[in-house]
2 protein chains.
Amino acid sequence: MGDAVPKQVDQAERRQAMSEAVWRVVAERGMDGLTLRAVAAAAGCTTGMVTHYFRDKKALLTHARSLMHHRMADRVEALAAHGSAQDRLRSACEQALPLDDERHLETVVWAHFQLSVRADPELLRHHAAAHASWIRRLTGLVRDALPHPEPPDLHERAHSLAAFLDGLAINAVTDPGAYPSELQRRVLTTHLSLILTTAKGPAAP
Amino acid sequence: MGDAVPKQVDQAERRQAMSEAVWRVVAERGMDGLTLRAVAAAAGCTTGMVTHYFRDKKALLTHARSLMHHRMADRVEALAAHGSAQDRLRSACEQALPLDDERHLETVVWAHFQLSVRADPELLRHHAAAHASWIRRLTGLVRDALPHPEPPDLHERAHSLAAFLDGLAINAVTDPGAYPSELQRRVLTTHLSLILTTAKGPAAP
DNA sequence: CCTATGACATAACATCCGTTACGTAACAAC
DNA sequence: GTTGTTACGTAACGGATGTTATGTCATAGG
């Protein structure tokens with residue numbers, strides 16, 4: 001009984017290719033259009049190959065989800081640490097916006113994944129943790145970009161910025177014609193300048 | 001051949017009941033969990049009754065969508081016209097946030113509908129028009145709440161507010177534990193006070 | 001009363017889905 | 001070469017789905 005192990009394919013690479021096919025299918029047809037056959041067609045292979053690398057549909061989705069999460073996290077991690085605090089804040093914000101085709105697809109897929117999280121308690125916990133981490137990072141960036149001492153509503157400003165970014169990204173993706181990247185940048189500029197305001201105007205109740 | 005027309009049921013009422021069943025199913029199981037049988041079960045009837053009042057699944061979805069749209073539009077329309085400009089602006093913003101169970105469900109369903117718009121060009125046009133109208137209304141409210149003369153970035157501020165509201169609503173709905181209504185109100189207060197700021201702080205690039 | 005019609009329930013239908021089983025070819029160890 | 005394992009493609013399976021057909025009952029007009 002020999003231990004013959006003929007392994008000439010890069011399994012991780014295949015899995016990634018299929019995950020990317022999942023992204024494309026989700027972006028084009030939504031979660032209810034995500035079928036193994038559609039994924040196989042988008043990946044240019046057969047359903048047999050998909051089931052060969054993933055136990056079942058849930059495993060495929062989990063992998064596609066985690067890969068997307070890593071992809072976005074890596075982009076956050078790769079942000080330049082140099083430059084002024086304002087520059088670093090703006091860079092972090094821009095990477096969360098669908099300013100090019102790649103981020104456009106990411107935004108669509110991420111929106112679908114985020115919404116579908118509601119159906120699975122475990123996914124919800126995972127998402128909540130990731131979101132809290134994102135809020136923490138934004139809070140730090142906003143604090144660094146503001147003059148000392150930090151304002152008492154720092155956390156609210158960070159939350160405001162996070163919500164703004166998510167909303168703008170989704171609006172840009174569900175109504176692409178109305179949100180060219182140039183408008184997105186202009187609105188971001190306005191929002192950042194408001195967030196970094198120190199002297200308050202007339203207060204809202 | 002008599003013209004017997006025994007019509008003792010209110011068809012509009014039935015259709016609304018089934019549309020509300022659609023909302024509940026979409027909120028609980030997402031778009032891919034929306035089946036005629038699930039809708040019938042949620043409405044407490046049979047699939048035969050559903051097909052009796054709607055030609056096919058698409059007609060059912062269209063009606064549920066349009067009813068939800070009217071419901072949200074009516075709420076906007078019912079906003080108090082009295083009070084200060086700031087009060088009217090805040091009221092308009094609060095009705096867009098999931099501060100109670102009713103608006104929570106509305107937000108979830110609306111998010112699903114908004115995302116699924118991408119798969120249908122006609123729905124996309126409809127959504128774009130509604131969104132533009134919403135932006136216009138917000139712009140007017142912000143202008144009224146700001147001292148004259150209006151700032152040059154008025155439209156950007158309105159877009160910023162619209163994106164913020166959408167994002168906060170979605171965050172609150174995908175991570176309910178982290179966004180109690182009290183936090184939503186606090187963040188809204190901060191955002192509104194920033195939006196209504198006239199004296200600018202350090203500008204972001 | 002009688003009949004036509006609307007308001008349903010029930011059930012059958014083809015289709016599509018996820019899953020699983022089976023078959024084949026390629027390659028490493030012996 | 002032989003063998004055993006991996007890497008697929010093909011196809012079949014039961015179940016779920018949207019749709020359609022059929023049946024039943026109540027009711028309003030004649």
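Residue numbers start from 1 in every chain, and the chains themselves are labelled A, B, ... in the order their sequence lines are given, proteins ahead of strands.
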Query raised in the report: Please give, in whole Å, the distance from C:dC16 P to B:Asp32 CG?
Result: 18 Å
Requested in this report: Using modelled atom types only, decide if a donor and an acceptor are shared between the side chain of B:Arg71 and the backbone of B:Glu106 within a distance under 3.5 Å.
Outcome: no
Query raised in the report: For the pair made of NE2 in B:His52 and P in C:dA9, what is the distance, rounded to whole Å?
Result: 10 Å
Review item, nucleotides 10-14 of chain C N/O atoms under 3.5 Å of protein N/O:
none

Requested in this report: Quickly work out the A:Arg55 CZ to C:dT20 P distance and round it to whole Å.
Outcome: 11 Å
Query raised in the report: Rounded to whole angstrom units, what separation is found between the CG atom of B:Leu60 and the P atom of D:dT17?
Result: 15 Å
**Report entry** Between C:dA7 (C1') and B:Glu13 (CD): distance, integer Å
**Finding:** 14 Å
Query - Under 3.5 Å: donor-acceptor pair, side chain of B:Arg88, backbone of B:Ala80 - result: no
Query raised in the report: Nearest to the side chain of A:Arg14, which nucleotide is it out of D:dC8, D:dT17, D:dT19?
Result: D:dC8
Query raised in the report: Is there a side-chain contact between B:His63 and B:Val22, using heavy atoms and a 4.5 Å cut-off?
Result: no
Report task. Choose from D:dG18, D:dA7, C:dG18 the nucleotide whose nearest atom is closest to any side-chain atom of B:Lys57. Result -> D:dG18
Query raised in the report: In terms of side-chain heavy atoms of B:Gln11, which of D:dA7, C:dC8, C:dA7 is nearest?
Result: C:dA7
**Report entry** Rounded interatomic separation in angstrom, taking CG from A:Leu36 and P from D:dC13
**Finding:** 19 Å
Query raised in the report: Can you check the B:Phe54 CZ to D:dT20 C1' distance for me, whole Å?
Result: 18 Å
Report task. Determine whether the side chains of A:Arg65 and A:Ser116 contain a donor N or O and an acceptor N or O closer than 3.5 Å. Result -> yes
Query - Whether B:His131 and A:Tyr179 hold their rings parallel, tilted or perpendicular, with breakpoints at 30° and 60° - result: tilted
Report task. Ignoring backbone atoms, establish whether B:Tyr53 has a side-chain N or O less than 4.0 Å from OP1 or OP2 of C:dG6. Result -> no
Report summary line: Separation of D:dT19 atom C1' from B:Asp56 atom CG, nearest Å, is 9 Å
**Report entry** Polar side-chain atom of B:Thr189 near backbone of B:Arg185 as donor-acceptor pair, under 3.5 Å
**Finding:** yes
Query raised in the report: How about B:Arg90 and B:Gln86: does a side-chain donor come under 3.5 Å of a side-chain acceptor?
Result: no
